[in-house]
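Letters go in sequence order (proteins before strands), and every chain restarts at 1.
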Amino acid sequence: MTKLVYFAWVRERIGKGEEVIELDPAIVTVGDLLAHLKTRGEEYAAALEYENVIRVAINQEHVEHDAPIKGATEIALFPPMTGG
Amino acid sequence: MTKLVYFAWVRERIGKGEEVIELDPAIVTVGDLLAHLKTRGEEYAAALEYENVIRVAINQEHVEHDAPIKGATEIALFPPMTGG
Amino acid sequence: MAQPRIVVQHDDFDIAAEMSRISGQNRNIGAVVTFSGLCRDEAGTLAALEIEHYPGMAEAEIGRVAAEVLGRWTLTGLTIIHRFGLIKPGENIVLVMAASVHREAAFNAASFLMDYLKNTAPFWKKEHLTTGEERGWVEAKTKDQEAFKRLHSL
Amino acid sequence: MAQPRIVVQHDDFDIAAEMSRISGQNRNIGAVVTFSGLCRDEAGTLAALEIEHYPGMAEAEIGRVAAEVLGRWTLTGLTIIHRFGLIKPGENIVLVMAASVHREAAFNAASFLMDYLKNTAPFWKKEHLTTGEERGWVEAKTKDQEAFKRLHSL
C-alpha cells in the first residue's frame, strides 16, 4: 500500500488531500503512476492534464518523472512551488 | 581665510582638528595646498608624508588632488575611509 | 557554526529576537543580512494570501537548501522561518537571516537561499481578493520554473 | 518613494522600529533587505572600536550614495544609520534597510550601498585592545581604496 498526498490545485481538482492505494507491480516509474492515475476518473484527468508541470516528491524528496517508485511509502503530487 | 579640518591620523599627527589660515593666491590646486602645508613644520610633513593616500574634501565633497581650491570655505584632509 | 535554525509555523516571528539569537551565539560576527518577505496588497486588490505547505517536507527541503548554502559559504549563523495559513497585506511571510565575519558571505548566502527556496520549498500561495472572490493559485514564474528544472533536470 | 532616512548618531538603533517605519509607509512592499554591521571581538583581542566621523559631510555623503542607489533601483523605502563614538564587540555599527516590490532590487541596492558607503562615507575606525593598548587606526583594505580611486579617478 502506498500513500498518495496532493497539494494546492492538484488537491482541489482531485477533491481530496490524500489516499492510500494498492499499486500494480507494472507501475514502475513516476510517469507510469501519473498515467495510471489519469485513468481513475475525470477529476484525476483534470488534475493531471498538463502532466509535465506536475511536481513529484517520493518520501518528501523531489524526484524526476522517470524516477522509480519502488520503496516509496509516500508519494506527493503538486504544482510548481510559489513560496518565499 | 580658509578653514582646514583634519581627521583620524592626519588630525593626530598635525596635533589639531582644525585651523583657519590665509592662503597665498599662488596656491591654486589641492596638490599645491598639500605641498605648502608640508613646509609648515615637522608635524605637517609627518601627516602628509604619503601624499597620494591623503583624501581631500572641499566644502564636504570629495575632490581629486588636481582640483582647484578657489571658492573653498572648508577643506578637509583625512586618510582613506574605514566606515561601514 | 551550530545547526541552522529552521521554523515552519503559522505564527508571526520577531525579527529583533531572531537578531539577538543569531548575534548572541558568537562575538565575531561582523555582518548580518536579513531578508523579510512581506505580503503585498497588490494596489489594494488583495485581502489575504492563503499559504498551503507540505508538513514535514517543508522543513526537510529548507534543511536541504540550508545545507547547500552552508557548504558554499562560511556562516556563523543561519535562520530560516516560513509562515503558512492566512496572511494579510503588510504581514511577514518569510525570514532569512545569515550571519558571517565579513559581509559578502552573508549577502550571497541570503540571496542564493531565497532564490533556491522559492523554487524548491513546498509552499503554494492562493490569493483572496478584497471583492470577496478567490483569484486562485499564484502561478510560478517561468524563470522560477526554469531554475527548478535546471536543478532537477526534469 | 519618500526621501531616504539618513541618521548619523552615537546611540544604538532599533531594527524592529526601523522595520515598522519602512514597511508602514507602503502596503505594496514585498521585500525588505536589512544589513547590520556589527563590531567583531577579533577573537577576544578587541575591547572597543572608536569611530570618528566628519559631521555634516558624513550625512551629505551618505545622501549622495543614497541618491545614486535610488537612481539605479526602484525602492519603496531606504534607511541608512551609521553610529560613531565608542562601540563594543557585539554592538551595532551600521544599518542599511532597503524595501522594494520584488526582492532583487532590495538585495542589489543594499549590497551596492554598503560597498559604496565603505569607500566614500567619512568615518574612521580606531581599535582599542583588551590589553588596554590602542592598536591604532584600521587601515583601509586595498580593494576598498582601489574602488574609491575608480570612483574618483585620483
Side-chain angles (χ1 to χ4, degrees), chain B residues 1-20 28-35 37-38 43-44 46-69 71-84, chain D residues 8 35-39 49-65 80-84 87 92-96 110-111 113-127 134 136-149 151-154:
Chain B
M1 303 296 279
T2 307
K3 185 179 176 188
L4 298 181
V5 295
Y6 311 121
F7 293 98
W9 53 254
V10 173
R11 173 181 57 71
E12 287 183 341
R13 289 183 193 172
I14 291 179
K16 55 187 134 185
E18 58 179 79
E19 62 186 317
V20 175
V28 175
T29 66
V30 165
D32 295 343
L33 173 65
L34 293 174
L37 288 174
K38 281 165 128 178
E43 63 278 30
Y44 290 91
L48 307 176
E49 183 182 2
Y50 301 103
E51 203 179 303
N52 66 344
V53 309
I54 302 292
R55 304 279 188 248
V56 182
I58 291 182
N59 302 344
Q60 307 194 344
E61 281 201 56
H62 293 294
V63 295
E64 301 173 27
H65 284 197
D66 61 3
I69 61 170
T73 54
E74 183 171 294
I75 303 178
L77 308 186
F78 44 77
M81 285 69 74
T82 54
Chain D
V8 174
F35 174 82
S36 315
L38 307 177
C39 178
L49 278 179
E50 188 181 337
I51 302 183
E52 181 168 334
H53 79 299
Y54 183 173
M57 180 169 169
E59 292 84 348
E61 186 64 26
I62 294 173
R64 287 188 281 267
V65 175
I80 303 152
I81 304 178
H82 203 304
R83 296 180 65 197
F84 60 82
I87 293 181
N92 291 310
I93 297 172
V94 63
L95 177 80
V96 169
S111 172
L113 212 148
M114 278 307 304
D115 286 349
Y116 214 99
L117 204 67
K118 268 190 114 68
N119 297 316
T120 74
F123 291 87
W124 302 271
K125 294 192 185 106
K126 180 186 252 185
E127 295 179 317
E134 282 185 5
W137 296 95
V138 173
E139 267 193 69
K141 289 180 187 163
T142 309
K143 72 174 161 86
D144 289 341
Q145 292 206 50
E146 282 165 0
F148 180 87
K149 283 179 186 162
L151 290 172
H152 291 273
S153 49
L154 272 178

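Residues B:Glu12 and D:Trp137 meet the side-chain proximity criterion, which asks for heavy atoms closer than 4.5 Å. Side-chain contact between B:Met81 and D:Glu61 is absent, with no heavy atoms from C-beta onward closer than 4.5 Å. Counting heavy atoms from C-beta outward, B:His62 and D:Met57 have side chains that approach closer than 4.5 Å. For the pair B:Pro79 and D:Trp124, the minimum side-chain heavy-atom distance is below 4.5 Å.
Heavy atoms closer than 4.5 Å to chain B are found nowhere in D:Lys141, neither backbone nor side chain. There is no contact between D:Ile51 and chain B, counting heavy-atom distances below 4.5 Å.
Atom CD of residue D:Glu52 and atom OG1 of residue B:Thr82 lie 9.5 Å apart, to the nearest 0.5 angstrom. Summarising the geometry, atom CZ belonging to B:Phe78 is positioned 11.5 Å from atom CZ belonging to D:Phe123; distances are rounded to the nearest 0.5 Å.
Checked by atom type and distance alone, the side chain of D:Lys125 pairs as donor or acceptor with a backbone atom of B:Gly84 at under 3.5 Å.
Ranking D:His82, D:Arg64, D:Arg83, D:Glu139 against chain B, the residue ahead of the rest is D:Arg64, based on heavy-atom pairs under 4.5 Å.
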